[in-house]
Every structure is written in structure tokens, then in C-alpha cells.
Amino acid sequence: MARLQPVRGTHDILGDKAIRFRTIYNIFRSVAERYGHEEIDTPIFEFTETFKRTLGDTSDVVTKEMYTFEDRGGEQVTLRPEYTAGIARAFISNGLQQVMPCKFYSYGPIFRYERPQKGRMRQFHQMDIEILGVPEAQADIEVLAIASDLLNELGIGDHITLELNSLGDPESRNAYRDALIAYFGGYKSQLSEDSLKRLEKNPMRILDSKDEGDRALIENAPRIGDFYNDYTKEFFKEVIGGIEDIGIKYEINDRLVRGLDYYSHTAFEFTTDQLGAQGAVIAGGRYDGLMEMMGGPKTAGIGWAAGMERLAELISEDLLEKSARPVVIAPVGNDAQSMAMKIAHDLRAGGIVVDMAYRGNVGKRMKRANKQGASHAVLIGEAEMARNVAMVKNLDQGSQEEIALDKLASYLAEQRL
RNA sequence: GCGGGUGUAGCUCAGUAGGUUAGAGCGCCAGAUUGUGAUUCUGGAUGUCGCCGGUUCGAAUCCGGUCACUCGCCCCA
């Protein structure tokens with residue numbers, strides 16, 4: 001136990017947890033496909049440069065959280081710390097601007113070297129949604145609608161708040177940025193150490209600070225809404241109107257920001273207060289500047305990522321997909337055993353879930369069948385074999401009946417409806 | 001990366017003025033019942049007391065370190 005432990009911040013997914021993951025993923029996929037999204041699966045690692053370019057050299061993810069290593073060929077590669085960069089790269093690599101718009105969904109592991117905590121692991125799983133090539137606000141609305149539908153179908157919509165903001169187009173955003181630098185620049189002596197650094201590299205991130213001294217300053221800091229130009233105002237209005245029309249509740253949070261330059265317009269987070277410090281369950285935004293920054297054609301983009309582990313903690317037991325109850329075959333004696341395998345095979349070919357009670361006397365095997373949650377036990381011994389029948393016991397009712405082997409599949413199929 | 005809490009059987013946990021072979025419930029295995037399952041009864045195995053080192057005649061218990069989990073900071077999904 002001490003020796004064979006998993007790497008810090010990684011977990012085995014089995015049992016109840018695996019069922020939760022599967023349940024959530026299936027709902028996610030069905031919602032995404034209903035919106036016309038198709039599956040994309042990009043490699044789990046990329047050239048390190050891909051992430052550095054997209055995430056920026058100042059972000060925490062790039063500067064201290066990436067799993068980066070040199071492969072045997074001397075290439076610097078990185079386990080993906082987020083989805084968007086890989087999908088954007090795939091878009092460019094595959095020349096997908098020819099087939100725009102592209103609506104994708106994806107699911108898989110993500111890696112970040114962070115201090116593990118509840119809801120925060122080093123290998124965790126995200127579901128991802130992206131729309132590429134749609135600069136219109138309709139994409140923003142659809143992407144939010146997918147998130148909202150997903151949460152509702154997971155039965156947790158009521159416990160989650162959508163916080164929404166607009167970062168504006170580049171013009172609005174730059175004006176705001178300058179105003180922030182001017183404002184906080186006047187209080188340098190009062191800013192926390194972290195925020196001082198942000199002032200130079202990423203002034204909008206100061207708004208995220210939880211430092212008490214900072215918070216007082218932030219209270220009176222300029223508001224982004226005052227810097228929106230007409231286009232930005234119109235765009236934001238359209239997004240808000242669109243989600244109101246389909247009944248999505250939201251709260252405007254004008255302190256919700258994304259520090260990186262390629263973000264614009266819509267930014268949002270779905271958060272819950274039920275997971276402690278790690279409250280964001282889905283987060284995303286519009287990144288119209290990203291493709292160009294990566295060296296591709298200028299292409300609008302918007303998307304979000306959802307944390308599988310966090311959602312898995314929130315959903316109710318009732319939602320879980322129960323696996324089908326098996327029919328368990330209990331042979332008695334060596335001859336029956338080989339025949340049992342054949343019978344099992346035939347039943348399985350007919351779509352029936354069949355398990356075997358592998359060993360022991362009849363009592364033991366029945367006990368086994370019960371433990372496996374079987375609906376029926378199929379008993380085959382010498383007496384039955386001689387007459388080409390099987391004894392089929394309904395484990396819920398305790399009744400049993402002799403059934404001819406060639407009728408077994410149809411009998412069970414009917415019984416188990 | 002910083003600060004606090006925790007670490008005993010597969011699971012949930014008892015077990016401190018340091019004292020023989022470390023406990024309970026659940027679960028697991030076997031038998032009562034060699035052709036009939038959830039009950040019941042009987043019996044059994046649970047284990048480097050997270051790991052390494054120190055103090056001591058003697059450490060699950062005290063001390064130091066380390067690893068992991070956990071809560072907060074940070075960051076985010």
C-alpha cells in the first residue's frame with residue numbers, strides 16, 4: 001500500500017466513480033450532438049510551444065503547472081493542460097477553415113502540476129465544447145445553452161450560478177486596460193505583491209485578487225462596462241437577450257476576467273458553493289484573437305470546459321445508469337461446465353447479459369448468482385443435460401421452471417422485459 | 001510554492017499516565033446445507049498500526065524527518 005501508491009494527484013476510476021463519469025459523459029455527448037457538435041479527439045500531448053503560444057508566458061498554467069519533458073528524439077512536449085490550444089492547433093493543421101463553422105466536443109484527461117485538493121487533481125478530466133468560425137453572438141448563446149442544458153439534465157442546474165461578463169472587443173478592452181493601469185498605478189504602495197506583478201503583465205487579473213487590501217482598492221476601480229464601445233454594447237446585449245429568451249438565468253459579474261489578450265467579449269463561469277474552494281464547474285469564453293496568435297487564419301472562436309470530477313461529486317445517485325442485471329449460469333459437474341459455456345455464449349449472442357457462477361457446489365453457485373445481482377439463475381446438471389433442458393430460477397420470486405435448451409434464449413428474453 | 005488537520009484490517013472506526021500474542025462492526029472465506037440464493041448459527045483470515053530514523057528495558061502511543069490525503073492561500077475545471 002505504501003509502496004504501490006498512485007502518483008500524487010492521480011486517481012483510479014472504478015466502481016461508483018466510473019459509473020458517474022460514464023453517466024455524465026453520455027449526457028454530455030447527447031446534448032452536444034443535439035446542437036450539431038461533432039466529436040474531436042486530439043493528442044494528449046503536443047509540442048510545448050503550442051501551449052506556450054496560446055496560454056501566454058505569464059499564466060500560471062504555463063509558468064509552473066505544465067508537465068513538460070523531452071522525448072527520446074529531443075523534442076520538448078507537454079501533457080495537455082487545457083483543451084483549447086490542441087483543438088485550435090488541429091483546426092490549423094487540418095486546414096479546417098475550408099469547412100467552417102466547426103462545432104466540436106471532446107472529453108479526456110488534462111494534466112496540471114498543482115497542489116492537490118478536493119476538486120483539484122494533477123490528472124483530471126474535462127469535457128470540452130468549441131465553436132470555431134462564428135463571430136456572431138449566436139455562437140455565444142448556443143455555447144451557453146449547451147452548458148445550461150447539460151447542468152439541467154444532470155439535475156444540478158438549480159445549485160449552480162452562471163456568472164457572465166463581457167471583456168469587450170480589442171478597442172474597449174485596451175481602453176479599460178489603460179484605465180486600470182492608471183488607477184492601480186496610483187496605489188502601488190498599497191497593492192499586494194502578487195498584484196504588483198499583475199499590474200505590469202496582466203492588470204485585469206488584479207480584479208480576481210482576494211487580498212483584503214486589494215479588495216478595497218478594487219471596489220473603487222474603474223468598471224469595464226464604462227469602456228464598452230457601441231459594437232461591444234450591442235454584442236453583449238444580443239448575448240444577454242438570447243439567453244434570456246431561452247430561460248437561462250445569469251448574474252453579471254464585471255470582475256470576472258480573463259487576463260490573456262486573445263480573449264474578447266463573452267466570458268463566463270458556472271459556479272457552485274457546494275464544492276468548497278474549487279467552485280467553478282464550467283468556464284469559458286470567446287477567443288477571437290487566438291488563431292491569429294497561433295499563426296493561423298483569423299478565426300473567431302468560443303468554447304468552454306467542464307470539470308468531470310467536480311460534476312461527478314454533484315450529481316445525485318438517482319441519475320446513475322445502472323448496469324443490466326445478469327443471468328447467471330450455474331453448472332453442476334464437469335460435463336455441465338463445458339455445456340454451460342456454450343449456452344452462455346448463445347445467450348450473449350442473443351443480447352442477454354450473462355455471467356458465470358464459476359465454482360463450488362450448487363448452494364455456493366446460487367449464492368454467487370445472488371451476489372452478482374442476477375435476475376435469474378440457470379441450473380444445469382446431469383439430469384438436465386440428459387433431457388436437453390435447464391432449470392431456470394427466478395431469483396426475485398423464488399420460482400423455477402424447466403425450460404428446453406433451444407427455448408432458453410427466448411424464454412429469458414421474455415422474462416426479463 | 002505557503003500555512004493548518006489527519007494517516008490503525010478491503011471499508012467505517014475504537015485503542016494516550018508508553019507494557020505480553022493490536023480490537024469492533026461491515027465485508028470476505030469456510031462449514032451447518034456434497035442439486036437450490038438475501039435470513040440464522042458456527043468457525044476462520046484479516047494488519048510491515050503510512051514510511052524512515054530517534055528516545056526507551058519496552059513505541060500504534062513520545063520526538064524528528066518523509067510520503068500521502070485533507071482544509072485554506074494561490075490557481076482554476
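Reminder, nothing fancy here: chain letters follow the sequence lines and each chain counts from 1. Atom set for the values below is all heavy atoms of this structure, side chains included, hydrogens, waters and symmetry mates excluded.
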Whether A:E402 side chain and A:V392 backbone form a donor-acceptor pair below 3.5 Å:
no
Winner on side-chain proximity to A:R115, out of B:U36, B:G72, B:C28, is B:G72
Could you give the CZ-to-P distance, from A:R205 to B:C74, as a whole number of Å?
11 Å
Please give the nucleotide sitting opposite B:G1 as a Watson-Crick or G-U wobble pair, both distances under 3.5 Å, or none.
B:C73
If only side-chain N and O atoms of A:R8 are considered, is one of them under 4.0 Å from the OP1 or OP2 phosphate oxygen of B:C69?
yes
In whole Å, measure the gap between the P atoms of B:U61 and B:U6 for me.
15 Å
Nucleotide nearest A:R112 (side chain, heavy atoms from C-beta), chosen from B:A77, B:U36, B:G3:
B:A77
When the side chains of residues 144-152 of chain A are checked against the rest of the protein, which donor-acceptor pairs come out under 3.5 Å, sequence neighbours left out?
residue, atom, partner, partner atom, Å
A:D149, OD2, A:Y35, OH, 2.6
A:N152, ND2, A:S148, O, 3.3

Rounded to whole Å, the CG-C1' distance (A:L275 to B:G72) equals 15 Å
B:A30 and B:A22: how far apart are their P atoms, nearest whole angstrom?
27 Å
Quick one: pull up CG in A:L405 and CD1 in A:I380 and give me the separation to the nearest 0.5 Å.
6.5 Å
Between B:G25 and B:A14 - P atom distance, rounded Å
16 Å
Over all strands shown, is A:I282 touching base, sugar-phosphate only, or nothing at heavy-atom distances under 4.0 angstrom?
sugar-phosphate
What nucleic acid atoms does A:E82 come within less than 4.0 Å of, heavy atoms only: base, sugar-phosphate, or nothing?
nothing
Taking any heavy-atom pair under 4.0 Å as a contact, classify A:A383: base, sugar-phosphate, or nothing.
base
So A:E309, base contact, sugar-phosphate only, or nothing? Heavy-atom distance under 4.0 Å.
nothing
Could you tell me the separation between the NE2 atom of A:H11 and the C1' atom of B:A68, rounded to a whole number of Å?
10 Å
Taking the side chain as every heavy atom from C-beta outward, state whether A:T78 and A:E49 have any pair of such atoms under 4.5 Å apart.
no
B:A60: pairing nucleotide in any strand, Watson-Crick or G-U under 3.5 angstrom
none
Return no unless some side-chain N or O of A:R368 is found under 4.0 Å from OP1 or OP2 of B:C29.
yes
On RNA chain B, does the nearest nucleotide to A:E384 precede the nearest nucleotide to A:M121 from the 5' side, or the other way round? Give the residue.
A:E384
Which one is paired to B:A14, where only Watson-Crick or G-U wobble pairs with both distances under 3.5 angstrom count?
none
Grab the CE-C1' distance between A:M308 and B:A77 for me, whole Å please.
11 Å
Could you give the distance separating B:A59 and B:U46 at their P atoms, to the nearest angstrom?
22 Å
Without decimals, in angstroms, what is the distance between A:Q400 CD and B:G37 P?
10 Å
Of A:G363 and A:G284, the one whose closest RNA chain B nucleotide lies more 5':
A:G363
Checking A:Q138 now: which residues fulfil side-chain hydrogen bond (donor to acceptor under 3.5 Å, both in side chains) with it, not counting sequence neighbours?
none
Please report the distance, rounded to the nearest Å, between CD in A:E114 and P in B:A68.
16 Å
P gap between B:U34 and B:G47, integer Å
30 Å
Give me the distance, rounded to whole Å, that separates B:U8 from B:A60 when you measure between the C1' atoms they each carry.
7 Å
Counting the benzene-type ring for Trp, do A:F104 and A:H37 have ring centres under 6.0 Å apart?
no
Can you tell me the distance, in whole Å, between the CD atom of A:Q117 and the P atom of B:C76?
14 Å
Report yes or no: is there a donor-acceptor pair, N or O only, under 3.5 Å between the side chain of A:R120 and the base of B:C71?
no
Counter-base of B:A68, judged by Watson-Crick or G-U geometry with both distances under 3.5 Å
B:U6
Determine the Euclidean distance between corresponding P atoms of B:U40 and B:A45; express it in Å to zero decimal places.
22 Å
B:G35 OP1/OP2 closer than 4.0 Å to side-chain N/O of A:K367
no
A:K364 vs B:G31: side-chain N/O to OP1/OP2 distance below 4.0 Å
yes
Does a distance-only test, which skips hydrogens and angles, find a donor-acceptor pair under 3.5 Å between the side chain of A:R310 and the base of B:C76?
yes
Remember a base hit wins even if backbone is also touched, and classify A:K118 as base, sugar-phosphate or nothing at under 4.0 Å, heavy atoms.
sugar-phosphate
Using a heavy-atom cut-off of under 4.0 Å over every strand shown, decide if A:A369 touches base, sugar-phosphate, or nothing.
nothing
Base, sugar-phosphate, or nothing: which does A:G360 touch, judged by heavy atoms less than 4.0 Å apart?
nothing
Using both distances under 3.5 Å as the test, list the Watson-Crick or G-U wobble partner of B:A30, or none.
B:U42
If I take atom CZ in residue A:R359 and atom C1' in nucleotide B:C28, what distance separates them, rounded to the nearest angstrom?
13 Å
Looking only at atom C1', what distance separates B:U12 and B:G27, rounded to whole Å?
11 Å
Please check this pair: side chain of A:R325 against backbone of A:G373, looking for a donor-acceptor N/O pair closer than 3.5 Å.
yes
Would you kindly check if the NZ (Lys) or CZ (Arg) of A:R122 is within the cone defined by 45 degrees around the ring axis of A:Y113 and under 6.0 Å from the six-membered ring centre?
yes
